[in-house]
Structure formats: C-alpha cells, structure tokens
Amino acid sequence: GDKAFAQFLTDEIKEERKIQKHKALPKVSGGWELEVHGTEARLVRKVAGERITVTFNINNSIPPAGDEEAAEEEHKAEEQEEPDITSTPNFVVEVVKDDTKQTLVLDCHYPEDEVGHEGEEESDIFTIREVSFQPTGESDWKDTNYTLNTDSLDWALYDHLMDFLADRGVDNTFADELIELSTALEHQEYIKFLEDLKSFVKCQ
C-alpha cells in the first residue's frame, strides 16, 4: 500500500510542478519587503516616520468551493487541466508611528462574494473587519483593548479608514498582488508538503 501511495505522490508532485506558475515568489510593488516563516508571510514598508506591516497566513486561505461552483469548476476542469485555485487570506495591517507607543491594527479580509467580480471598478476587493490599538512591541494583543467592529460603523468613518490604508500603499492593487503572492506561496508549501509526505511514507 505504501509503495502505491509513494508512487501516487511522485506523480502528483510532477503534475503540481508542471502547473506551478511562479518558480520564485512574485514581488509586491511599492517597495514592500517580504519575510516568510513557514506558512506566515510578512510585508514591511517604511514611509515618512511610519512602519507599515502586513501579516497573513496561508493556512485555511483557500475558500471552499460551493456546490454549484464545484459543479461548474468540474465542468471547466474537463475543458482545461486544472481549475485555478486562489488563496485569499485574511491579513492584518499594523501601522506604527515613530513617536507613539501605540500601534493601529486593522484586521482585513476578502469577502467571498467580492473576489472575482471584475468590472465593478469602484468597489474594494477587501474590507476592514476590525480596528484596534495595541501596545507597540508586544506580541500578545490584549483583549481588554477596545476593538471597533466595522459592521455597525458610520460609512464616512469607514471610508476614511480605507483611504488611510490606501495612502499607505494598501489598496486594491496591493490586495490583488497579495492574492497572487499568497496563492504562489500556498502552492509552493503544498508541493513541499507532498514531498515531505512522500519521504515519510517511504521511510522504513
């Protein structure tokens, strides 16, 4: 059984390598520096007395296909080899100003119904879900800090927050490139996982 499993994995790895779009991870424009630790990626950029950090994790970042979509995808898959799997992770934007002890933290995500609807130029492809202040330099965020949930937020305030992000380079273009980067990273990790699984299965 293990031999057949290992053979299956070998073929699978070959196939995945064939459809791998990026041998190296795609860059995000706008002077962002990328750090990757396993499944977590961090993009950092410094602008006029501020440091902006965007963190995301590729785990659980591929939205489940709905039944109708799955049927459509299967139909499409018969015509073309592989359906395009896209990774749309939640991401956290942290803005630190040099002279404050607080970090503004914005928790963003891609709403499932928005992604892939081209043509609506005006609408944003990501939304801000929560906003809070956290003490700068502390890795553990405090639950006692007030967290603003954007569901019940005044639209004008929400628009200003989106503009605030756009001014710092976190806009639709960035969000598109983040999807591209995340998808490439996810695929790279998936191939690595298959390779590790193959070694594990073959190990006597």
Side-chain angles (χ1 to χ4, degrees), residues 20-63 85-112 114-115 123-150 153 157-193:
Q20 196 172 12
K21 280 193 195 137
H22 304 281
K23 291 292 170 258
L25 292 174
K27 291 250 186 296
V28 175
S29 58
W32 294 90
E33 283 173 34
L34 173 66
E35 302 164 18
V36 179
H37 306 284
T39 59
E40 188 176 86
R42 173 175 293 177
L43 290 156
V44 184
R45 139 179 225 248
K46 294 187 174 76
V47 180
E50 294 182 4
R51 196 181 80 208
I52 298 105
T53 307
V54 178
T55 313
F56 65 93
N57 194 317
I58 57 163
N59 280 337
N60 305 320
S61 65
I62 291 178
I85 290 177
T86 310
S87 160
T88 50
N90 298 342
F91 60 97
V92 175
V93 182
E94 296 170 59
V95 181
V96 181
K97 289 185 186 269
D98 287 350
D99 47 5
T100 64
K101 302 263 187 301
Q102 288 183 314
T103 301
L104 182 64
V105 178
L106 302 105
D107 194 339
C108 305
H109 76 138
Y110 294 96
E112 275 167 35
E114 288 294 331
V115 176
S123 77
D124 292 298
I125 61 171
F126 70 96
T127 58
I128 303 170
R129 224 178 353 198
E130 291 182 346
V131 187
S132 68
F133 278 111
Q134 298 295 343
T136 300
E138 288 190 28
S139 54
D140 292 335
W141 291 345
K142 296 181 167 46
D143 288 339
T144 50
N145 286 6
Y146 178 74
T147 300
L148 176 69
N149 192 309
T150 56
L153 200 55
L157 176 52
Y158 182 83
D159 284 344
H160 277 297
L161 284 168
M162 287 299 273
D163 290 344
F164 176 85
L165 282 181
D167 289 343
R168 282 150 185 82
V170 180
D171 52 14
N172 274 350
T173 306
F174 173 85
D176 265 336
E177 291 181 0
L178 188 117
I179 289 177
E180 184 105 342
L181 169 64
S182 182
T183 302
L185 184 60
E186 202 282 333
H187 199 206
Q188 184 177 294
E189 286 294 315
Y190 175 60
I191 292 173
K192 193 165 152 286
F193 172 79

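Only heavy atoms go into these numbers, but all of them, side chains included; no hydrogens, no water, no symmetry mates. Just so it is clear, the model here is predicted, and its values are computed rather than measured.
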pair [X]-[Y]: side-chain heavy atoms closer than 4.5 Å:
X: Ser87; Y: Leu185; result: no
X: Leu165; Y: Phe174; result: no
X: Phe164; Y: Val95; result: yes
X: Arg168; Y: Val47; result: no
X: Leu178; Y: Val54; result: yes
X: Leu153; Y: Val131; result: no
X: Phe133; Y: Val105; result: no
X: Thr53; Y: Thr103; result: no

For [X], does the [atom1] atom sit with more than 12 other heavy atoms under 6.0 Å from it, leaving out its own atoms?
X: Asn59; atom1: CG; value: yes
X: Lys21; atom1: NZ; value: no
X: Arg51; atom1: CZ; value: no
X: Gln20; atom1: CD; value: yes

To the nearest 0.5 Å, what is the distance between [atom1] ([X]) and [atom2] ([Y])?
X: Ile128; Y: Asn149; atom1: CD1; atom2: CG; result: 12.0 Å
X: Asn90; Y: Ser182; atom1: CG; atom2: OG; result: 10.0 Å
X: Thr136; Y: Gln102; atom1: OG1; atom2: CD; result: 7.5 Å
X: Leu181; Y: Leu34; atom1: CG; atom2: CG; result: 5.5 Å
X: Lys192; Y: His187; atom1: NZ; atom2: NE2; result: 14.5 Å
X: Thr127; Y: Met162; atom1: OG1; atom2: CE; result: 7.0 Å

(message) Between Thr55 (side chain only) and Arg42 (backbone N and O only), is there a donor and an acceptor less than 3.5 Å apart?
(response)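 No; zero donor-acceptor contacts below 3.5 Å.
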
(request) Please check if the side chain of Ser61 supplies one atom and the backbone of Thr88 the other of a donor-acceptor pair under 3.5 Å. (result) no

(request) Assess the side chains of Thr39 and Glu189: does a donor N or O sit below 3.5 Å from an acceptor N or O? (result) no

(request) Check the side chains of Ser132 and Gln134 for a donor-acceptor pair under 3.5 angstrom, ignoring hydrogens and angles. (result)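 Yes.
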
(message) Using 30° and 60° as the class boundaries, would you call the ring planes of Tyr110 and Phe126 parallel, tilted or perpendicular?
(response)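 The arrangement is perpendicular - the two ring planes meet at more than 60°.
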
(message) Taking side-chain contact (heavy atoms from CB on, under 4.5 Å) as the criterion, tell me which of Val92, Thr150, Leu161, Val170 meets it with Leu106.
(response)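 Of the listed options, the one satisfying the test is Leu161.
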
(request) Take Asp124 and Asn172 through the side-chain contact (heavy atoms from CB on, under 4.5 Å) test and state the conclusion after the steps. (result) CA-CA 6 Å; Asp124 292 298; Asn172 274 350; 3.8 Å; yes

(request) State, to 0.1 Å, how close Trp32 and Gly169 come at their nearest heavy-atom pair, and which atoms those are. (result)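 For Trp32 and Gly169, the tightest heavy-atom pair comes out as CZ2-O, 3.9 Å.
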
